[in-house]
Q: 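My structure is below; once you've seen it, I'll send some questions.
Please read all numbers here as calculations on a predicted model, not as lab measurements.
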Amino acid sequence: MLRAALVALGIAVASASAQAAQINSYTVGNWSVGAYTNDSTGHFGNCLASVSYNSGITFFVFVSRDYQWDLGFSALNWKLHPGDRIPLRYRFDRSAWTGATAEVMGENLVRIPMPSNGPVAERFRRGRTMEVHDGNQSYFFNLNGTSQLLVSLVQCVQTSISSEQGVSSNSTSNPALPPGRTADHTDAPAPDVTTLKLEGTRILSNFLLAAELPGAELLGDSDFPKELSFAHAVAVAGGMIGFSVVVPTAEFTADAVAAQISGALSENCEGKFSTGSTKETVQSAKLINAFTVCRNSGGQALLQYVVVSRKEGGQYVIGVLSESADVASDKPAGAEPPVDSKRLINAAFKVSQ
């Protein structure tokens, strides 16, 4: 159960940490669809759909503003080398194989450019299954709802471009700006992963001291549980796991980050799910204090976390995850958390200053 909670948390935080701003979002069947800006220009970049499978792999479909469509695959346990190119084959409904080259976009993500027109798009729309073979093993995916999905993604691109052009035509002195931006806003360069890890380590180290968690020990990168590879710092304290994540983009509010985490954990809990949050103010600083619990016959996994604003923009997510075998039916899920929530709030406030 603890592993499932970590995987869901990783997906949620990875989504919240994305540099591209989401313009809008909706669902098509089991697919989550969103329109996103280009993180370099701030203008509309692509529409993206995603769905997660029980295998732990998330399947993506991208359609760019010039209507190029690509497929993507991501899994938290993959350890790939960005920039590598992987030869593979794919087919639909056990038809003939088609060769392709996957581009490694990140440690956990590969992207496969698809032909812009021709029979492949039609087979993807009408197919029931897709098989991808990387030379060592095959991966199988059910293609539920892809016919409606591709039509919706094209419409998403058309609508996003039209909306952007409408904003541009209504502006006489300034170029079109993405939602929430102003003409005098200057984006700071995004910090690199090493910088974020150093910052996350500093934040978590100070948090553990302020929260007075006994026996807490920071882990080196190579000792991170693979399900926590998304975190910028990880520690163990008794039977608990502490972590910190730096969300560097200001596009996501604290409310949005907390909602993303709660939603992902709710979808992945195979038992009784409980959640709650409060908005706290400590010396004029705004924080969200939240918890989620997944409970079944095997016990319960409890996540306590605080989302607090980062001075440089963005948010810190600082949390403690614990597992218990206590399944007493007369006891509410999440009762008597191992760490006092007020202590967590005060510790998170101190390290964010």
Q: To the nearest 0.5 Å, how far apart are CD in Glu280 and CG in Asn346?
A: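 Answer rounded to 0.5 Å: 9.5 Å.
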Q: Just by distance, no angles: are the side chains of Ser52 and Thr58 close enough, under 3.5 Å, to form a donor-acceptor pair?
A: yes
Q: Please examine the side chains of Asp70 and Phe60, heavy atoms only from C-beta on, and report whether any two atoms are closer than 4.5 Å.
A: no
Q: Applying side-chain hydrogen bond (donor to acceptor under 3.5 Å, both in side chains) to Asp93 and Thr129, what does each step give before you reach the verdict?
A: CA-CA 5 Å; Asp93 297 333; Thr129 63; 3.3 Å; yes
Q: May I ask you to check whether Trp78 and Phe73 place their ring centres under 6.0 Å from each other?
A: no
Q: Restricting to non-hydrogen atoms, name the atom on Val63 and the atom on Tyr67 that form the minimum distance, rounded to 0.1 Å.
A: CG1-CA, 4.0 Å
Q: Got more than 12 heavy atoms from elsewhere within 6.0 Å of CG, Asn142?
A: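 Correct, the count exceeds 12.
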Q: Residues two or more places apart in sequence or in another chain: which of them pass salt bridge (Lys or Arg N to Asp or Glu O under 4.0 Å) with Lys279?
A: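 Testing Lys279 for salt bridge (Lys or Arg N to Asp or Glu O under 4.0 Å), a comparison that skips the adjacent residues, returns Asp255.
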Q: Under the 6.0 Å and 45° cation-pi test, does Arg295 pair with Phe273?
A: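 No - Arg295 does not lie over the ring of Phe273 by the 6.0 Å and 45° rule.
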Q: Between Val151 and Phe59, is there a shared hydrophobic cluster once you connect ILVMFWY residues whose side-chain heavy atoms come closer than 4.5 Å?
A: no
Q: Are Met130 and Leu71 packed together at the side-chain level, in the sense that at least one heavy-atom pair is separated by less than 4.5 angstrom?
A: yes
Q: Can you see which heavy atom on Asp134 is nearest to which on Leu88, and at what distance?
A: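 Answer, listing the atom of Asp134 first, then Leu88: CA-CB, 4.0 Å.
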Q: Do Ser244 and His232 pair up side chain to side chain, a donor and an acceptor below 3.5 Å, judged on atom types alone?
A: no
Q: Could you tell me whether Glu131 and Arg91 have a side-chain N and a carboxylate O separated by less than 4.0 Å?
A: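 Judged by the 4.0 Å cut-off on N to carboxylate O distance, Glu131 and Arg91 do form a salt bridge.
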Q: Would you check if there is a donor-acceptor pair between the side chains of Arg125 and Ser147 at a distance under 3.5 Å?
A: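 Looking only at side-chain atoms, Arg125 and Ser147 do form a donor-acceptor pair, the distance falling under 3.5 Å.
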Q: Heavy-atom distance under 4.5 Å between the side chains of Phe44 and Val157, does that happen here?
A: yes
Q: Evaluate the ring planes of Phe124 and Trp69, with Trp represented by its six-membered ring, and classify them as parallel (under 30°), tilted (30 to 60°) or perpendicular (over 60°).
A: tilted
Q: Mind running side-chain contact (heavy atoms from CB on, under 4.5 Å) on Val306 and Phe349 for me, showing each step along the way?
A: CA-CA 9 Å; Val306 179; Phe349 166 73; over 6 Å; no
Q: Using 0.5 Å steps for rounding, measure from the OG atom of Ser277 to the CG atom of Leu287.
A: 12.5 Å
Q: CD1 of Ile288 to CD1 of Ile345: how many Å apart, nearest 0.5 Å?
A: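 These two atoms lie 11.0 Å from each other.
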Q: Say you draw a straight line from CG of Leu143 to CZ of Arg123; how long is it, rounded to the nearest 0.5 Å?
A: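 Interatomic distance, Leu143 CG to Arg123 CZ, rounded to 0.5 Å: 12.0 Å.
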Q: Please round to the nearest 0.5 Å and tell me the distance separating atom CG of Leu80 and atom CD1 of Ile86.
A: 5.5 Å
Q: Would a 4.5 Å heavy-atom cut-off, applied to side chains only, mark Leu48 and Val33 as touching?
A: no
Q: Do Tyr53 and Phe141 make the cut of ring centroids closer than 6.0 angstrom?
A: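 Yes; Phe141 has its ring centre under 6.0 Å from that of Tyr53.
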Q: Test Tyr316 against every option in Leu204, Val308, Val351 by the side-chain contact (heavy atoms from CB on, under 4.5 Å) rule and name the one that passes.
A: Val308
